[in-house]
**Q** 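Mind having a look at this structure? Questions to follow.
All values reported here derive from a predicted model rather than from experimental measurement.
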Amino acid sequence: MQTERDTVAVERQQAYYERTAESYDADHVHAGDEHAIALNYIAQLSRVVGAHRILDVGAGTGRGLRYLTSLRPDMEVVGVEPVAGLRAQAELQGTKLLDGAGQHLPFEEDSFDLVISTGVLHHVPDPAPVVKEMMRVARLGVLISDANRFGQGPPAMRAAKILMHLTHTWKPYMYLRTKGRGYMESEGDGVFYSYSIFDSMPLISTWADRTFVIPTSGRSAGRLGPLLDAPSGLLVALREPEGTLEL
């Protein structure tokens, strides 16, 4: 259940996007960034699983739609975005987005082959309802490109984050660090939370047959793997309908 504090945080973030909509692409979209890498993998995986319909949740100004349709013109890509200013910027670039939020996607079950999000969940007070909605409307796969707090900071801090996670003291630590707000705020990203794609892995694994992470920044072949070596990554969760693995 969303608290009053969470509601205020969501409203602050939406106001930030409305205020910065015209400069959104210049500030957040860069060639070769982690989400560009993720979108390239998503495009290739869409071929592997035979996807022909994709939903982009929190589509921003439509970058994902334009990129995926440029690589897969045979594929239908739909985007939902709750911020009117970002939808307007998308339309200026020839991309039509639907008004919608990840917590309540206006689609029936299994409406899309793949459901994706890029850089969305670290702005959400509680990512679980969004992930559940993505799982509900996806038939073959859910793919999340986002931050991984366990792979950020010096080695000692990374180890401390793992320890606090295992001892269930991370949330109290963040509560104290943020003086009870639970979130942080910056000029470059607005309201954001301490999130890791690995936070969503247990939930999404209840839905998927195969779950794995592709590093999208940092050392791609570190000794400790993406959990501690990748500041960001693409969480891939795939279902395999009966008969898809027959050779």
**Q** Restricting to pairs with a member in residues 143-167, which pass salt bridge (Lys or Arg N to Asp or Glu O under 4.0 Å), not counting sequence neighbours?
**A** Arg149-Asp199
**Q** According to a 4.5 Å side-chain heavy-atom criterion applied to Ile, Leu, Val, Met, Phe, Trp and Tyr, with indirect links allowed, do Met174 and Met157 form part of one hydrophobic cluster?
**A** no
**Q** Identify the heavy atoms of Pro82 and Gln14 that sit nearest to each other, and give their distance.
**A** CB-NE2, 3.9 Å
**Q** Taking Thr3's backbone N and O only, do any of them form a donor-acceptor pair with Thr7's side chain (distance below 3.5 Å, no angle check)?
**A** yes
**Q** Please test Asn148 against Ser232 for side chain to side chain donor-acceptor pair (under 3.5 Å), starting from the C-alpha separation and ending with a verdict.
**A** CA-CA 5 Å; Asn148 169 32; Ser232 61; over 6 Å; no
**Q** Side-chain contact test, heavy atoms from C-beta onward, threshold under 4.5 Å: evaluate it for Ser46 versus Ile54 and give yes or no.
**A** yes
**Q** Okay, side chain of Arg136, backbone of Phe107: is any donor-acceptor separation there less than 3.5 Å?
**A** yes
**Q** Ile144 versus Ile116: any side-chain heavy-atom pair under 4.5 Å?
**A** no
**Q** Are Tyr67 and Ile42 in one and the same hydrophobic cluster, where Ile, Leu, Val, Met, Phe, Trp and Tyr link if side-chain heavy atoms are under 4.5 Å apart?
**A** yes
**Q** Within the structure provided, determine whether Ile204 and Met135 are in side-chain contact (heavy-atom separation under 4.5 Å).
**A** yes
**Q** State which residues pass salt bridge (Lys or Arg N to Asp or Glu O under 4.0 Å) with Arg139; sequence neighbours excluded, sorted by chain then number.
**A** Asp113
**Q** Determine whether Val78 and Phe112 satisfy the following criterion, side chain to side chain contact (heavy atoms under 4.5 Å, CB included), listing intermediate values before the conclusion.
**A** CA-CA 9 Å; Val78 177; Phe112 297 88; 3.8 Å; yes
**Q** Please examine the side chains of Leu55 and Leu114, heavy atoms only from C-beta on, and report whether any two atoms are closer than 4.5 Å.
**A** no
**Q** Grab the two heavy atoms, one from Met134 and one from Leu143, that are nearest each other, plus how far apart they are.
**A** CE-O, 4.2 Å
**Q** For a quick test of reading the model, state the closest non-hydrogen atom pair linking Pro172 to His168 and the distance between them.
**A** CD-O, 3.8 Å
**Q** With rounding to the nearest 0.5 Å, note down the distance linking OG in Ser117 to CD in Glu133.
**A** 13.0 Å
**Q** I need the minimum non-hydrogen distance between Tyr193 and Gly182, along with the two atoms involved.
**A** CD2-O, 3.4 Å
**Q** Among residues at least two apart in sequence or on other chains, which ones pass side chain to side chain contact (heavy atoms under 4.5 Å, CB included) with Arg66?
**A** Asp25, Thr61, Arg63, Gln93, Thr95
**Q** Looking at residues at least two apart in the chain, or sitting in another chain, which of them share a side-chain hydrogen bond (donor to acceptor under 3.5 Å, both in side chains) with Thr20?
**A** none
**Q** Please walk me through it: do Arg239 and Trp207 pass side chain to side chain contact (heavy atoms under 4.5 Å, CB included)?
**A** CA-CA 8 Å; Arg239 272 184 166 176; Trp207 174 89; 3.0 Å; yes
**Q** Is it possible for you to say whether Val83 and Leu65 belong to one hydrophobic cluster, with membership spreading through side-chain heavy-atom contacts below 4.5 Å?
**A** no
**Q** Give a yes or no on whether Val77 and Leu140 share a hydrophobic cluster (residues Ile, Leu, Val, Met, Phe, Trp, Tyr; joining criterion: side-chain heavy atoms under 4.5 Å apart).
**A** yes
**Q** Kindly indicate, with the supporting measurements, whether the criterion ring pair (Phe, Tyr, Trp, His ring centres under 6.0 Å) is fulfilled by Phe198 and His165.
**A** CA-CA 11 Å; Phe198 289 94; His165 175 77; 9.8 Å; no
**Q** Shared ILVMFWY cluster between Val213 and Val115, side chains joined below 4.5 angstrom?
**A** yes
**Q** Which pairs count as side-chain hydrogen bond (donor to acceptor under 3.5 Å, both in side chains) when at least one residue sits in residues 174-185, sequence neighbours excluded?
**A** Arg12-Glu185
**Q** What pairs of residues pass the salt bridge (Lys or Arg N to Asp or Glu O under 4.0 Å) test when at least one of them lies in residues 43-59, not counting sequence neighbours?
**A** Arg53-Glu76
**Q** For the residue pair Thr216 and Tyr41, confirm or rule out a side-chain donor-acceptor distance under 3.5 Å.
**A** no
**Q** Step by step, would you call Met201 with Ile197 a side chain to side chain contact (heavy atoms under 4.5 Å, CB included)?
**A** CA-CA 7 Å; Met201 185 174 279; Ile197 49 176; over 6 Å; no
**Q** List the residues meeting side-chain hydrogen bond (donor to acceptor under 3.5 Å, both in side chains) with His123, not counting sequence neighbours, and say none if there are none.
**A** Gln13, Tyr17, Asp189
**Q** Answer whether the closest heavy-atom distance between the side chains of Leu203 and Lys132 falls below 4.5 Å.
**A** yes
**Q** Mark yes or no for whether Ser23, through its side chain, and Ala26, through its backbone, hold a donor-acceptor pair below 3.5 Å.
**A** no
**Q** What are the two closest heavy atoms between Gly79 and Ala59, and how far apart are they?
**A** CA-CB, 4.1 Å
**Q** Apply the test side chain to side chain contact (heavy atoms under 4.5 Å, CB included) to residues Val236 and Ile214: give CA-CA distance (whole Å), side-chain angles for both, the deciding distance (0.1 Å), then the verdict.
**A** CA-CA 8 Å; Val236 180; Ile214 299 173; 4.2 Å; yes
**Q** Can you tell if the side chain of Glu108 reaches within under 4.5 Å of the side chain of Val137, non-hydrogen atoms only?
**A** no
**Q** Check whether any side-chain N or O of Glu18 sits under 3.5 Å from a backbone N or O of Ala84 as a donor-acceptor pair, and report yes or no.
**A** yes
**Q** So, the side chain of Arg87 versus the backbone of Val80: is there a donor-acceptor pair under 3.5 Å, distance only?
**A** no
**Q** How would you list, by chain and number, every residue that makes a ring-ring contact (aromatic ring centres under 6.0 Å, His included) with His30, sequence neighbours excluded?
**A** none
**Q** Answer yes or no: is there a side-chain heavy-atom contact under 4.5 Å between Leu238 and Phe212?
**A** yes
**Q** Among all residues two or more places apart in sequence or in another chain, which pass the side-chain hydrogen bond (donor to acceptor under 3.5 Å, both in side chains) test with Thr167?
**A** Thr169
**Q** In chain order, what residues pass the side-chain hydrogen bond (donor to acceptor under 3.5 Å, both in side chains) check against Ser194, with sequence neighbours excluded?
**A** Trp170
**Q** If a pair satisfies salt bridge (Lys or Arg N to Asp or Glu O under 4.0 Å) and one of its residues is in residues 34-46, list it, with sequence neighbours excluded.
**A** none
**Q** So which atom in Ala90 and which in Gly62 form the shortest heavy-atom distance, rounded to 0.1 Å?
**A** CB-N, 4.1 Å
**Q** Is there a side-chain contact between Asp6 and Asp126 in this structure, where contact means two heavy atoms from C-beta onward sitting under 4.5 Å apart?
**A** no
**Q** For Asp209, what residues pass the salt bridge (Lys or Arg N to Asp or Glu O under 4.0 Å) criterion, not counting sequence neighbours?
**A** none
